[in-house]
*Asks:* 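This is the structure I have questions about; it appears just below.
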Amino acid sequence: MTDTAPAFRFALSATDGAARRGRLETAHGPVDTPAFMPVGTAGTVKAMRPEDVAETGAQIVLGNTYHLMLRPGAERIARLGGLRRFMHWSGPILTDSGGFQVMSLAQLRTLDEDGVTFQSHIDGSRHHLSPERSMEIQHLLGSTITMAFDECTPYPADHATAAASMRLSMRWAARSRAAFVDRPGYALFGIVQGGVYDDLRRESAAALQAVGFDGYAIGGLAVGEPHDEMLRVLDGVTPLLPADRPRYLMGVGRPQDIIAAVLRGVDLFDCVMPTRSGRTAQAFTRRGTVNLRNARHAEDPHPLDESCGCPCCRDYSRAYLHHLVRAGEMLGPMLLTWHNLQHYQDLMAGLRAAIAEGRVQDHAAAVLAGMAGGDI
Ligand SMILES: NCc1cc(CSc2ccccc2)c2nc(N)[nH]c(=O)c2c1
Ligand SMILES: [Zn+2]
């Protein structure tokens with residue numbers, strides 16, 4: 001039976017300098033770009049129901065091969081109908097390939113040409129991930145967008161170390177492509193590596209295009225390098241990527257990082273900041289970040305952000321949010337997570353509109369000036 005899903009497509013509708021306004025068409029629905037993708041590591045965007053994630057405007061969420069292979073297991077999720085049905089998310093899902101999480105979370109890990117062998121951080125059980133096994137797991141999850149299996153080169157790394165790491169990832173990218181089960185409306189993205197070295201980034205971008213991918217991610221950034229180093233690498237690598245394919249900057253970032261990367265031609269973003277900050281009483285507002293534990297909010301009857309339409313800002317005062325976080329009540333992280341995700345989606349919607357209207361530079365300057373104003 002041929003899959004009736006539409007082909008995976010990426011179409012640009014406007015550009016403004018290097019910034020692009022576009023739309024992904026996938027087997028599981030569209031994604032308007034530039035887009036922010038909430039992280040749903042273990043099959044849930046923490047503290048949020050999927051319906052509420054969709055209400056913030058998010059069209060795609062992330063899942064994680066590493067976490068889901070350990071618990072509940074990829075084969076079990078497949079038997080239950082795939083990750084989208086398992087977590088009750090009707091839109092597209094992008095899953096990471098697992099190598100990054102192995103190196104940051106697993107114990108006793110060894111890496112060789114075939115892949116990585118590691119012990120679970122949950123129960124110490126032993127596992128092996130290779131490009132082939134990563135593709136199989138992401139297929140079992142029913143991932144809409146699959147990421148190639150790569151090694152995220154640590155920072156700092158000297159040129160020789162970054163070169164060897166990148167070339168391993170390029171061999172793994174070719175094996176990922178060969179093992180990927182292609183279906184209409186599904187996609188496989190390659191991941192550019194090369195550390196902070198322009199020549200290695202150039203070599204990596206060329207190597208991936210020689211294999212051919214549906215989208216190109218920029219990995220190995222936001223790994224501790226200075227902000228200006230990240231921007232310099234972006235300036236060098238983004239123009240080397242095909243203009244007609246989506247560009248995804250992995251693990252980025254703060255609102256100001258996303259704005260800077262959109263202006264340089266990046267289309268997709270993910271970061272744990274809005275969800276993780278929501279659980280630690282930190283809120284993003286148009287006037288900068290706010291710590292709701294601060295006593296100055298104790299009797300403030302105003303909403304977190306007057307210009308935000310989310311349930312947190314619509315129905316609750318700063319004083320109440322302050323009380324919830326001080327009392328350790330579950331509703332605190334729930335409301336602040338919702339607000340932070342709404343803030344990120346509103347940031348992306350504003351950027352999409354500004355690009356479409358040819359005013360993204362002025363819009364970006366105004367947003368950054370507002371954030372620098374300092375919270376009242
Ligand atoms: N901190 C940057 C970062 C983050 C992620 C994780 S992005 C993510 C997280 C959860 C779910 C889906 C994607 C990465 N993943 C891969 N495969 N390679 C990288 O170089 C890399 C760099
Ligand atoms: Zn809000």
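Counting starts at 1 for both ligands and their atoms, following the listed order. Quick caveat: nothing in here was measured; it's all calculated off a predicted structure. Worth knowing before you read on, the calculation uses all heavy atoms, side chains too, and leaves out hydrogens, waters and symmetry mates. Just so you know, residue 1 is the first one in the sequence shown, and it goes up from there.
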*Asks:* Counting non-hydrogen protein atoms only, what is the nearest one to atom 1 (N) of ligand 1? Give residue, atom name and distance.
*Replies:* Ala222 O, 3.1 Å
*Asks:* Which residue is it: His339, Arg318, His343? I am looking for the one with a side chain to side chain contact (heavy atoms under 4.5 Å, CB included) to Cys313.
*Replies:* His339
*Asks:* What atoms in ligand 1 come closer than 4.0 Å to a heavy atom of Asp150?
*Replies:*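 Near Asp150, the atoms of ligand 1 are 16 (C), 17 (N), 18 (N), 19 (C), 20 (O).
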*Asks:* Atoms of ligand 1 less than 4.0 Å from Asn64 heavy atoms?
*Replies:*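 The list of qualifying atoms is 10 (C), 11 (C).
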*Asks:* Are the aromatic ring centres of His121 and Tyr66 under 6.0 angstrom apart?
*Replies:*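 Distance test on ring centres: under 6.0 Å, yes.
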*Asks:* To make sure I understand the geometry: which N, O or S atom in His339 is closest to the Zn ion (ligand 2)?
*Replies:* ND1
*Asks:* Checking Arg175 side chain against Asp114 main chain: does a donor-acceptor pair fall under 3.5 Å?
*Replies:*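 Present.
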*Asks:* For atom 21 (C) of ligand 1, find the nearest protein heavy atom and state the residue, atom name and distance (0.1 Å precision).
*Replies:* Phe100 CD1, 3.6 Å
*Asks:* For atom 9 (C) of ligand 1, grab the closest protein heavy atom and report residue, atom and distance to one decimal in Å.
*Replies:* Gln101 NE2, 3.8 Å
*Asks:* Using distance alone, decide if ligand 1 has a nitrogen or oxygen within less than 3.5 Å of any nitrogen or oxygen in Asp96.
*Replies:*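 Yes, there is a polar N/O contact under 3.5 Å.
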*Asks:* N/O to N/O below 3.5 Å, does that happen between Gly220 and ligand 1?
*Replies:*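 Indeed, backbone or side chain, Gly220 has an N or O that close.
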*Asks:* Pair Arg84, Ile93 - check side chain to side chain contact (heavy atoms under 4.5 Å, CB included), show working.
*Replies:* CA-CA 7 Å; Arg84 293 171 57 248; Ile93 289 183; 3.5 Å; yes
*Asks:* Contact between Met250 and ligand 1, counting heavy atoms under 4.0 Å?
*Replies:* yes
*Asks:* Any atoms of ligand 1 less than 4.0 Å from a non-hydrogen atom of Ile191? List them with their elements.
*Replies:* 17 (N)
*Asks:* Distance alone, cut at 3.5 Å: any donor-acceptor contact between the side chains of Asp270 and Tyr248?
*Replies:*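 On atom types as modelled, these side chains qualify, holding a pair under 3.5 Å.
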*Asks:* Check the pair Thr65 / Ser97 against side chain to side chain contact (heavy atoms under 4.5 Å, CB included), numbers first and verdict last.
*Replies:* CA-CA 6 Å; Thr65 289; Ser97 42; 5.5 Å; no
*Asks:* Quiz question: by atom type and distance under 3.5 Å, do the side chains of Thr41 and His67 form a donor-acceptor pair?
*Replies:* no
*Asks:* Give a yes or no answer on whether the side chain of Asn294 reaches the backbone of Asn291 with a donor-acceptor pair at less than 3.5 Å.
*Replies:* no
*Asks:* In terms of atom number and element, which parts of ligand 1 are under 4.0 angstrom from non-hydrogen atoms of Gly63?
*Replies:*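 Contacts of ligand 1 toward Gly63, numbered from 1: 11 (C), 12 (C).
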*Asks:* Just distances here: any N/O of Gln193 and N/O of ligand 1 closer than 3.5 Å?
*Replies:* yes
*Asks:* What atoms of ligand 1 come closer than 4.0 angstrom to any heavy atom of Asp270?
*Replies:*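 Listed by number with element: 7 (S), 8 (C).
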*Asks:* Tell me the contacting part of Tyr248 for ligand 1: side chain, backbone, both, or neither, using a 4.0 Å heavy-atom threshold, strictly below.
*Replies:* side chain
*Asks:* When you check the side-chain N and O atoms of Ser165 and Glu151, is any donor under 3.5 Å from an acceptor?
*Replies:* yes
*Asks:* Hey, what's the angle at the Zn ion (ligand 2) spanning SG (Cys313) and SG (Cys308), nearest 10 degrees?
*Replies:*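 It comes to 110°.
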*Asks:* Enumerate the atoms of ligand 1 whose separation from the nearest heavy atom of Leu62 is less than 4.0 angstrom.
*Replies:* 11 (C), 12 (C), 13 (C)
*Asks:* Side chains of Arg286 and Ser307: any donor to acceptor distance under 3.5 Å?
*Replies:* yes
*Asks:* Under a 3.5 Å threshold, yes or no: a donor from one side chain and an acceptor from the other, between His127 and Ser125?
*Replies:*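 There is such a pair between these side chains.
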*Asks:* What atoms of ligand 1 come within less than 4.0 Å of a heavy atom belonging to Leu221?
*Replies:*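 Listed by number with element, the hits are 1 (N), 2 (C).
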